[in-house]
Amino acid sequence: MKINNNLNYENLKNDLFAGFTIAIVALPLAMAFAIASGVSPEKGLFTAIIAGFLISVFGGSKYQIGGPTGAFVVILYGIIASYGYEGLVIATLMAGVILIIMGLLKLGNIIKFIPYPVTMGFTSGIALIIFSTQVKDFFGLSITNVPASFLGQWITYATNIQLLNPYALLISILSLFILTNSKKVFSKIPSPIIAIAVGIFLVYAFNLPVETIESKFGQIPNSIPFPSLPELNFQKMELLFPSALSIAFLGAIESLMCAVVADGMTGYKHNSNKELIGQGIANIGSVFFGGIPATGALARTATNIKAGATSRLSGIIHSVMLFLFMLLLSPLILKIPLATLSAILVIVAWNMAEVKHFKSILFKSPKRDRIVLLVTFLLTIFVNLNTAIQIGMLLAVIVFMQRLIEVSEISNLKTVPQEEDPYSITLKDVPPCIEVYEINGPFFFGIADKFKSTLNVVAKRKPSAIILRMRNVPIIDSTGIKNLEEFIESSKIQNISLIISGADYKLRAKFEKYGLTDKIGNENICENIDLALVRAKEIIKIKHPETGLCPK
């Protein structure tokens, strides 16, 4: 494996800075996710160190930062409540093997076909549950046992509201303010670190009666534990297999989504199947050294890229720095108030919920997409994540089949023979710096990834404009809208104009409804290919005024 094909002093300096920055960001998050999952905080650190290292070494994306994430909180909490940490280790080992098998079978691309309403449904549900689990520490409620169920938690909170700790609430609110506003003043310092520093100072300067990591969990080790595994037997493995599938499924989705976002930010193309294998190795390694499940962490990966990372080395450095923090700063880590960590997770939950996209599907998408979204969301909250994913996928398949039936038709080719099509692109004068691509059939989640991949390849040729012919597109769903929106944004960054040709009134109404008309430009939405080519030639003249022609 090559860490960096262009290793030099400048790249090494950038990777060192990025790795150090991510370690600072990952430190509180790793502990917060561990506590929210029902385990002690050091297990989150073990995960970020071991799994983070292995994901950077063996994963399919050179910018990916791995570790514990919010996506796992709900399922891990349930497994630990029912089977203890030993059960979680067994489930994670099986999940790791499943991920490796998925990668070897080259199933990486198939994972991308999961419909957006399904992923949005269970992701928003997980976000709400994370928020629910943080209410106790956020308000400093001195409750010994909080129920695992969503309704049970809120009934418990309501009946024990008199136990509120005003000092804990004050620290929580102040931490929220810092987390959302500190970048305006301290742009270079990660906001969680500022919030933690302020929280520690207030608690110990004024001797506030607020629960900390030390008061709740006691001492935490300052070294990685010796590797060990629980006793494995078929009965336990059979019992935990559904949970292992959920861990593998979530890990695959999160890591691949994260890798796709990293690709969009850098232009690098990740290897989906290698990513799954790397995630499998990392999860096995994590629990082997006392950790919990891990996957690609979107916020940390994005921060890694923004911090100037150039290779996998930044992720490796992030793991090494976390180990040094644990080794040297464990006495300080113990002083962190739980109220501050709960505030950090409240922000994580809010970002994870993607309220804007949730509302967009709920109020603007076709009725069946709304049903899939709501059923998946509600099952995640009130039943469990396993059931939510299974039912959500089943509903999505049913919707998919219904849409295929609706758009299927038999056409009489004698009416308009293909070879006599007056709008055939072969009969047109197309400038060399103009690319033309045509979608035939419904633009929905089944072809969304193919659409993205194909147009990304076209965009690499740096044309002045891309004409997207949509004369044969009868419908477009939420996933298609999202992919088209992402492509519009990436085209603008690369100074490529997008022209839509032949979209019927239904598609135009969808564009208007989702705000795509303004983003594309009304002048770039043309009735037919002739008008689209006229517009493309106008764009060439604007972009190349010296000659009015395509550059050689």
Side-chain angles (χ1 to χ4, degrees), residues 20 22-54 66-70 72-73 76-77 79-81 84-86 88-89 92 133-134 136-137 140 144 146 168 171 175 190 192-193 195-204 208-230 282 285-294 297 300 318-345 348:
F20 180 74
I22 299 305
I24 293 175
V25 173
L27 179 69
L29 288 175
M31 293 187 294
F33 287 132
I35 294 170
S37 300
V39 296
S40 52
E42 73 271 10
K43 294 190 181 301
L45 292 176
F46 299 158
T47 306
I49 293 168
I50 301 298
F53 177 85
L54 294 174
T69 68
F72 283 134
V73 166
L76 302 193
Y77 192 89
I79 294 172
I80 291 167
Y85 178 70
E86 181 179 295
L88 177 62
V89 171
T92 308
T133 60
Q134 295 311 301
K136 173 182 174 292
D137 289 333
T144 304
V146 178
I171 289 177
S175 297
I193 295 300
I196 286 173
V198 172
I200 292 175
F201 171 78
L202 289 176
V203 170
Y204 286 91
L208 299 180
V210 173
E211 201 168 29
T212 64
I213 289 178
E214 185 175 34
S215 65
K216 183 169 183 178
F217 298 99
Q219 297 298 311
I220 63 173
N222 59 359
S223 62
I224 302 294
F226 191 79
S228 63
L229 289 176
S286 176
V287 293
F288 196 59
F289 286 93
I292 59 177
R300 277 161 273 174
H318 133 269
S319 296
V320 173
M321 293 306 302
L322 277 173
F323 174 73
L324 292 177
F325 290 163
M326 186 178 69
L327 180 67
L328 303 174
L329 302 178
S330 58
L332 187 61
I333 291 172
L334 289 171
K335 308 300 182 184
I336 298 175
L338 295 186
T340 299
L341 291 182
S342 72
I344 291 172
L345 284 185
V348 169

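FYI, the numbering just counts along the sequence from 1.
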Practice task
Not counting sequence neighbours, which residues clear side chain to side chain donor-acceptor pair (under 3.5 Å) with S319? List them please.
Solution key: none

Answer yes or no: is there a side-chain heavy-atom contact under 4.5 Å between [X] and [Y]?
X    : Y    : value
I292 : V287 : no
L27  : M326 : no
P225 : F46  : yes
L29  : P192 : no
P337 : I200 : yes

Problem - Pairs meeting criterion salt bridge (Lys or Arg N to Asp or Glu O under 4.0 Å) with involvement of residues 323-337, two or more places apart - result: E214-K335

Handout entry: Inter- and intrachain pairs under salt bridge (Lys or Arg N to Asp or Glu O under 4.0 Å), touching residues 23-37, at least two apart
Key = none

Fill in the blank from the handout: Test side chain to side chain contact (heavy atoms under 4.5 Å, CB included), reference P28, set L341, T340, L345, output is L341

Practice task
Mark yes when over 12 heavy atoms from residues, nucleotides or ligands other than F201 sit less than 6.0 Å from its CZ; otherwise mark no.
Solution key: no

Practice task
Decide if atom CZ of F20 counts as having more than 12 heavy atoms of other residues, nucleotides or ligands within a radius under 6.0 Å.
Solution key: no

Problem - Evaluation steps, side-chain contact (heavy atoms from CB on, under 4.5 Å), between F33 and T47 - result: CA-CA 10 Å; F33 287 132; T47 306; over 6 Å; no

